[in-house]
Amino acid sequence: MANGHESHQGLLHSLPKEKGWIGLPLYQYQGSWCHAKGIQAAISLQNHFHAIESDVILVTTPKSGTTWLKALAFAILNRHRYTNLSQNPLLTHNPHDLVPFFEFNLYTDNQLPNLSDLPSPRLFATHIPYPWLPESIKISNCKIVYLCRNPKDTLVSYWHFTNKARPEILGPLSLEKGFELFCKGITGFGPFWDHALGYWNENLERPQKVLFLKYEELKKDIKYQVKRLAEFMGYPFTIEEERDGVIDEISRLCSFECLRSLEVNKSGKSISYFENQTLFRKGEVGDWVNYLTIPMVEQFDQLMEEKLCGSGLTFDMYPQHRK
Ligand code: PAP
């Protein structure tokens with residue numbers, strides 16, 4: 001395990017490197033692609049983080065609904081503190097400011113956060129692939145919630161987002177180039193397939209430990225998925241809460257339309273230098289049909305078949321009737 005600035009630089013020099021999407025290089029570390037700071041933070045996390053049983057860890061690949069999942073988990077776990085909706089911090093804070101990322105916030109730039117005073121249950125988020133998680137997260141009884149999104153929409157969302165974050169001097173990244181990188185697995189914390197399958201397989205083996213959610217299923221029936229999430233985290237809704245419309249309230253508060261309309265999400269920055277408003281683009285299933293060409297779709301479908309064949313992991317690619 002690397003330690004200190006020099007050994008980190010030494011480690012980076014030894015790794016395969018590719019030009020990333022936003023101008024920062026991505027390095028291939030233990031099978032996954034990541035920017036230099038993310039690798040440093042992941043190593044620091046492995047060395048210093050101690051999970052406790054009540055922790056809840058939210059995991060996603062970038063652009064698969066992280067902001068939504070953070071809002072939902074925060075609203076569910078804190079619902080007794082903020083019974084008056086007008087006082088809910090989600091109305092005045094971006095979800096990324098309420099649920100910290102291990103790699104972008106807590107362990108970035110060699111910080112060693114003191115997490116022992118955080119109220120229980122502690123809620124954290126990460127894009128880190130399963131093999132990079134600290135042992136204490138893997139072996140303790142803490143809970144992992146994984147949210148996945150169909151890879152075509154994830155790719156299109158990632159492409160839009162990174163183009164907004166690219167320095168002007170580099171000009172926009174073409175969709176053809178983004179498509180090529182995504183298919184080669186070169187995305188932040190990618191390959192997408194390995195990331196999703198890492199958590200999918202853990203979910204199959206230990207469903208009490210890892211909950212596997214899909215963006216498209218949240219879109220289809222948010223109330224059912226909110227109930228599922230609350231039960232899994234150990235905070236199920238009571239019959240009275242259900243009767244009083246608490247699930248509806250949380251679903252509405254965390255919806256794309258509601259979050260996007262809030263002042264706090266129209267300006268300012270929460271993750272690194274990314275503008276909050278870039279986190280709320282379209283929020284739909286199936287937007288990829290407006291971008292990918294027929295040859296791209298054919299190539300992608302073949303790749304998806306190869307990568308996911310036999311795993312049991314499937315995705316809805318088109319919008320479905322909502323409940
Ligand atoms: P991150 O990984 O950088 O945090 P993340 O939140 O995972 O980003 O992804 C943003 C996507 O989720 C955007 O998708 P789009 O580009 O296809 O529009 C964004 O619109 C969508 N999104 C953000 N909040 C919500 C929400 N509350 N409900 C549904 N989709 C959402």
Side-chain angles (χ1 to χ4, degrees), residues 20-22 34-35 38 58-76 88 90-91 93-105 124-129 145-165 175 178 182 187-190 192 195-196 213-223 225-226 229 249-262 264-266 269-292 315-320 322:
W21 293 60
I22 56 172
C34 189
H35 51 287
L58 310 179
V59 191
T60 49
T61 55
K63 311 332 285 178
S64 53
T66 322
T67 314
W68 195 7
L69 180 62
K70 283 187 177 188
L72 289 168
F74 178 88
I76 293 169
N88 197 301
L90 280 163
L91 296 173
H93 296 70
N94 179 270
H96 291 285
D97 287 330
L98 299 171
V99 184
F101 273 118
F102 283 137
E103 64 278 14
F104 295 116
N105 306 113
F124 302 110
T126 188
H127 288 321
I128 282 176
V145 179
Y146 188 78
L147 174 62
C148 203
R149 185 181 193 184
N150 85 60
K152 290 178 188 165
D153 281 332
T154 306
L155 156 62
V156 168
S157 181
Y158 197 83
W159 175 68
H160 276 287
F161 180 75
T162 48
N163 263 333
K164 291 200 183 98
L175 180 60
F182 196 97
T187 54
F189 308 92
F192 174 92
H195 200 282
L213 299 173
K214 294 180 181 173
Y215 183 97
E216 296 74 24
E217 290 178 356
L218 263 65
K219 275 276 170 192
K220 195 167 130 200
D221 190 350
I222 186 65
K223 272 179 68 178
Q225 298 296 336
V226 165
L229 176 56
E249 203 170 85
I250 288 177
S251 306
R252 247 192 326 268
L253 173 65
C254 300
S255 68
F256 177 80
E257 293 73 18
C258 174
L259 293 184
R260 185 163 79 153
S261 70
L262 299 171
V264 63
N265 294 325
K266 289 183 184 165
K269 298 172 183 182
S270 295
I271 336 169
S272 188
Y273 61 89
F274 303 118
E275 301 277 346
N276 285 349
Q277 58 177 346
T278 61
L279 296 164
F280 306 94
R281 188 184 64 92
K282 209 161 184 182
E284 287 294 343
V285 177
D287 189 38
W288 60 270
V289 298
N290 300 313
Y291 293 91
L292 304 187
F315 294 101
D316 288 337
M317 294 292 177
Y318 299 96
Q320 302 205 347
R322 272 183 213 175

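Counting starts at 1 for both ligands and their atoms, in listed order. Computed over heavy atoms, backbone and side chain alike; hydrogens, waters and symmetry mates excluded. Nothing fancy with the numbering, it's 1 onward along the sequence.
- Looking at every heavy atom in both residues, Ile128 comes nearest to Thr126 through N-OG1, 3.0 Å.
- At a heavy-atom distance under 4.0 Å, no atom of Ala71 approaches ligand 1.
- Distances below 4.0 Å separate heavy atoms of Gly65 from the following atoms of ligand 1: 5 (P), 6 (O), 7 (O), 9 (O).
- Contact analysis leaves His160 out of contact with ligand 1, as no non-hydrogen atom separation drops below 4.0 angstrom.
- Proximity to Ser157 (heavy-atom distance under 4.0 Å) selects the following atoms of ligand 1: 11 (C), 13 (C), 14 (O), 15 (P), 16 (O), 17 (O).
- Here the shortest heavy-atom pairing between Gly178 and Trp21 reads O-CH2, 3.1 Å.
- Residue Leu279 places a heavy atom under 4.0 Å from ligand 1.
- Partners of Lys220 according to the side-chain contact (heavy atoms from CB on, under 4.5 Å) rule, which considers only residues two or more places apart in sequence or in another chain, are Gln320.
- Ring centers of Tyr291 and His160: under 6.0 Å apart, within the cut-off.
- Residue-to-ligand polar distances keep Asp153 apart from ligand 1: every N/O pair is separated by 3.5 Å or more.
- Considering each of Lys219, Arg149, Lys70, Lys282, the one bringing a non-hydrogen atom nearest atom 17 (O) of ligand 1 is Arg149.
- Ala125 approaches Lys70 most closely through the heavy-atom pair CB-CE, 3.3 Å.
- Scanning Phe280, Tyr215, Trp68, Phe161 for the heavy atom closest to atom 30 (N) of ligand 1 points to Tyr215.
- For His127, the heavy-atom gap to ligand 1 drops under 4.0 angstrom.
- For Gly65 against Leu147, the heavy-atom pair with the smallest separation is O-CD2, 3.3 Å.
- Closest of all the heavy-atom pairs between His195 and Thr60 is CE1-O, 3.5 Å.
- Using a 4.0 Å cut-off to heavy atoms of Ser255, the atoms of ligand 1 that qualify are 27 (N).
- When each atom of ligand 1 is checked for a heavy atom of Ser64 under 4.0 Å away, the hits are 7 (O).
- Atom numbering of ligand 1 starts at 1 in the shown order; those under 4.0 Å from a heavy atom of Gly283 are 15 (P), 18 (O), 20 (O), 30 (N).
- Residue contacts with ligand 1 include His96, since one or more of its heavy atoms lies under 4.0 Å from the ligand.
- Residue Pro62 has at least one heavy-atom neighbour below 4.0 Å for each of these atoms of ligand 1: 2 (O).
- Tyr215 is linked by a ring pair (Phe, Tyr, Trp, His ring centres under 6.0 Å) to Trp68, counting only residues two or more places apart in sequence or in another chain.
- The shortest non-hydrogen separation linking Phe101 to His96 is CE1-ND1, 3.4 Å.
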